[in-house]
Amino acid sequence: MFMKKNFKKVTAALGAVAFGVAATATVANADTTYTVQSGDTLSSISQKFANDNSLIQTLAQQNNIQDINKIYVGQQLVVKTDGQGTDAAQTAATAQPAAQATTQSAAAQTSQTTTNYASSVSGSEAAAKAWIAARESGNNYGARNGQYIGKYQLSASYLNGDYSAANQERVADNYVASRYGSWTNAQQFWMSNGWY
């Protein structure tokens, strides 16, 4: 039996520009004020500004964030850019190819851990599954947000140390089937709560 996040989690969507989510940023005196959008995490914001996760702790400290897994839509975050003002939308668009390369690399490194798994979802179920993956991680098998890992941002405990693409797909299908009954139901829950 699976249990998932007990708090409202605003999740990652690398390449938010590709999905039509506008990033709001204002440059002022080498600092940027970033407005948290639906789908953002500190990890995804760090990716937008630094193309890696190096800013997570800095963002938390500078903005008095006690729990790095909890940020809220509309929250204003100050991002110290050391005199290099960065347009968040431009950086997100630039980061997308890097995220895809990371996904391919992570999948290649861990593919031998689990035997091949082919998901049996199709049609509207496959579309709902893809929709969730895009919002949770930008379809990145290597994405990390605290204890949540991979394309579907599953708890590390669910994955049992096997972060391969095949295992992530298998565990995600099992999790959604046991908790929601279908990917379309999981998508409806996500749309209402910002997590699944």
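Treat the numbers as computed from the prediction; the structure is a model and nothing was measured.
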Taking all non-hydrogen atoms of both residues into account, name the closest pair between [X] and [Y] and its distance.
| X | Y | value |
| --- | --- | --- |
| Ile149 | Ala156 | CD1-CB, 3.6 Å |
| Lys129 | Val121 | CD-CG2, 3.8 Å |
| Asn139 | Ala134 | OD1-N, 3.7 Å |
| Leu159 | Leu154 | CD2-CD1, 3.9 Å |
| Lys70 | Ile65 | O-CG2, 3.9 Å |
| Val79 | Leu55 | CG1-CD1, 4.4 Å |

Does the side chain of [Y] come within less than 4.5 Å of [X]'s, by heavy atoms?
| X | Y | value |
| --- | --- | --- |
| Thr32 | Val78 | no |
| Tyr117 | Ser119 | yes |
| Glu125 | Thr184 | yes |
| Val176 | Tyr196 | yes |
| Arg179 | Phe189 | yes |
| Asn69 | Gln147 | no |

Item checked: Gln168 (side chain) donor-acceptor with Lys151 (main chain) under 3.5 angstrom ->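 Pair found, side chain donor or acceptor close to backbone of Lys151.
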
Note to self: I need the single residue from Thr35, Thr33, Asn63 that forms a side-chain hydrogen bond (donor to acceptor under 3.5 Å, both in side chains) with Gln76. Which is it?
What the structure shows: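 Of the listed options, the one satisfying the test is Thr35.
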
So how far is it from [X] [atom1] to [Y] [atom2], rounded to the nearest 0.5 Å?
| X | Y | atom1 | atom2 | value |
| --- | --- | --- | --- | --- |
| Asn145 | Thr41 | CG | OG1 | 4.5 Å |
| Ile45 | Gln47 | CD1 | CD | 11.5 Å |
| Arg144 | Ile56 | CZ | CD1 | 11.0 Å |
| Asp173 | Ser178 | CG | OG | 11.0 Å |
| Ser54 | Phe49 | OG | CZ | 12.0 Å |
| Gln57 | Ser46 | CD | OG | 10.0 Å |

Item checked: Working for side-chain contact (heavy atoms from CB on, under 4.5 Å), residues Gln62 and Leu77 -> CA-CA 8 Å; Gln62 290 172 344; Leu77 301 179; over 6 Å; no

Any donor-acceptor N or O pair under 3.5 Å, side chains [X], [Y]:
| X | Y | result |
| --- | --- | --- |
| Tyr34 | Gln75 | no |
| Glu136 | Trp195 | no |
| Ser43 | Asn53 | yes |
| Ser164 | Asn167 | no |

Next item on the list: Dump the intermediate steps for side-chain hydrogen bond (donor to acceptor under 3.5 Å, both in side chains) on Gln153 and Ser137, then the final yes or no.
Entry: CA-CA 7 Å; Gln153 291 295 280; Ser137 70; 5.4 Å; no

Checklist line | Tyr152: which of Tyr163, Tyr175, Trp131, Trp183 passes ring-ring contact (aromatic ring centres under 6.0 Å, His included) | finding: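 Testing Tyr152 for a ring-ring contact (aromatic ring centres under 6.0 Å, His included) against Tyr163, Tyr175, Trp131, Trp183 leaves exactly one candidate, Trp183.
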
